[in-house]
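The structure appears below as structure tokens.
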2 protein chains.
Amino acid sequence: MSTDTLQPLPMATSIEEMQACCPDILGEAISEDEAIVAARVFKALGDPTRLRLLSMIAASEGQEACVCDLIEPVGLAQPTVSHHLKVLLEAGLVARERRGSWAYYRLRPEAVTAITRALGA
Amino acid sequence: MSTDTLQPLPMATSIEEMQACCPDILGEAISEDEAIVAARVFKALGDPTRLRLLSMIAASEGQEACVCDLIEPVGLAQPTVSHHLKVLLEAGLVARERRGSWAYYRLRPEAVTAITRALGA
DNA sequence: ATCCCGCATCGACTGTTGTCAATATCGACG
DNA sequence: CGTCGATATTGACAACAGTCGATGCGGGAT
């Protein structure tokens, strides 16, 4: 068995599931499963700290920032910041890339367009 | 003192506050207060039941529906449905109108456009 | 007036979430 | 290889949110 089969699934993000299932939330009545998928994305946005983190990342040059740059401005403990970034990551709103000791989080513009599309924009 | 001063404020919805304060969440770093306001709107969307209710309302003719029409398809107790509709109402995503014994909830398209605008669409 | 029906509110319970301190992991650099 | 710095994970705790049964309220109809 190759090592690829051990961790082949990058764990589809909520955004990706939403793109695949919920083209238009307000266009027609969505199913219960579709609602669960889409709600995960909005729930990730439904916290002030996460919105600030996302906003700060988006406002940074290259639309990316490392954790160390986010802790002080957000005013919370490092584990708390890591926790929120993980929620944003699993939602598919940001991507993570390790460079050296640092972890850089980058905004995923496709995620934003997926949301606006789901809202019928 | 007129009776208007007793209940003059229709209690500004979260959407209205967001329109007034957060033109572009992803354009520049938003403040803590702005994040709190905007997070309330997304939190209202961050529940599967509320998303389904909103979707069903939007898919109804005239983009409105009364509570009695929503209870059975959503499969939850009537107080629970009323609770979720209240959350959507206070978020500014829907409007309520009483006609006879029935309460009709209507989608507020301005709210949807306000969200997509805040996301920089 | 009274009863009924649709909806809102209340009280209680349970599961989830945000937060932090402590600890583990992981990479870089001597 | 051992230490140090940056992140992630764990465990615990308080606060919050979703759900329901019971109850309250208000408008029609009899």
Side-chain angles (χ1 to χ4, degrees), chain A residues 7 10-11 14 32 35-54 56-57 60 64-91 93-106, chain B residues 7 10-11 14 32 35-54 56-57 60 64-91 93-106:
Chain A
Q7 197 179 46
M11 186 187 52
S14 304
E32 192 170 349
I36 292 175
V37 170
R40 273 200 287 261
V41 177
F42 289 113
K43 193 178 296 184
L45 293 172
D47 179 86
T49 300
R50 284 195 288 271
L51 269 189
R52 289 189 68 198
L53 287 172
L54 202 66
M56 290 167 52
I57 292 172
S60 303
E64 70 175 13
C66 77
V67 183
C68 56
D69 292 333
L70 298 170
I71 294 175
E72 182 266 342
V74 91
L76 292 175
Q78 174 266 319
T80 304
V81 175
S82 276
H83 162 68
H84 285 303
L85 289 172
K86 182 181 184 179
V87 174
L88 291 174
L89 178 69
E90 291 176 347
L93 293 165
V94 299
R96 175 171 55 185
E97 181 190 354
R98 295 209 61 136
R99 285 207 291 271
S101 293
W102 295 269
Y104 282 83
Y105 287 83
R106 171 178 51 84
Chain B
Q7 196 179 47
M11 186 187 54
S14 304
E32 191 170 347
I36 292 174
V37 169
R40 273 200 286 262
V41 177
F42 289 112
K43 193 177 298 186
L45 293 172
D47 179 86
T49 301
R50 284 195 288 272
L51 269 190
R52 289 189 67 198
L53 288 172
L54 202 65
M56 291 167 52
I57 292 172
S60 302
E64 69 174 13
C66 77
V67 183
C68 55
D69 292 332
L70 299 171
I71 294 176
E72 182 265 341
V74 91
L76 292 176
Q78 174 265 319
T80 304
V81 175
S82 276
H83 163 67
H84 285 302
L85 289 172
K86 183 180 183 180
V87 174
L88 291 174
L89 179 68
E90 291 176 346
L93 293 165
V94 299
R96 175 171 55 186
E97 182 190 353
R98 294 209 61 137
R99 286 208 289 272
S101 292
W102 294 270
Y104 283 84
Y105 286 83
R106 170 178 51 84

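Labels below follow one simple rule: chain letters A, B, ... track the order of the sequence lines, proteins then strands, and each chain is numbered from 1. Worth saying up front: this structure is predicted, and the values here are computed from it rather than measured.
Phosphate contact (OP1/OP2 of D:dC20, side-chain N/O of B:Thr80, threshold under 4.0 Å): present. Look at B:Ser101 and you won't find any side-chain N or O under 4.0 angstrom from OP1 or OP2 of C:dC4.
Taking every side-chain heavy atom of B:Pro79 into account, D:dG21 is the closest of D:dG21, D:dT19, D:dA8. Proximity note for B:Leu76 (side chain, C-beta onward) versus D:dA17, D:dT19, C:dT17: the nearest is D:dT19. The side chain of B:Trp102 sits closest to C:dG6 out of D:dG18, D:dA6, C:dG6. Taking only side-chain atoms of B:Gln78, from C-beta outward, the nucleotide of C:dA8, C:dG27, C:dT9 with the closest atom is C:dA8. Nearest to the side chain of B:His83, among D:dT19, C:dT19, D:dT7, sits D:dT19. When each of C:dA28, C:dG6, D:dA8 is scored by its nearest atom to the side-chain atoms of A:Ala103, the top-ranked nucleotide is D:dA8.
Heavy atoms of B:His84 sit under 4.0 angstrom from primed sugar atoms or phosphate atoms, though from no base atom. Nucleic acid contact for B:Arg50: sugar-phosphate only, since backbone atoms but no base atoms lie under 4.0 Å from a heavy atom of the residue. Within the nucleic acid shown, A:Arg99 has no heavy atom closer than 4.0 Å to any nucleic acid atom. Within the nucleic acid shown, A:Tyr105 comes within 4.0 Å of sugar-phosphate atoms alone, with no base atom in reach, counting heavy atoms only.
Atom CD of B:Glu90 and atom P of C:dT9 are 9 Å apart (whole Å). Rounding to whole angstrom units, CD1 of residue B:Ile36 and P of C:dG18 are separated by 14 Å. If you take CG of A:Asp47 and C1' of D:dA17, they are 14 Å apart, rounded to a whole angstrom.
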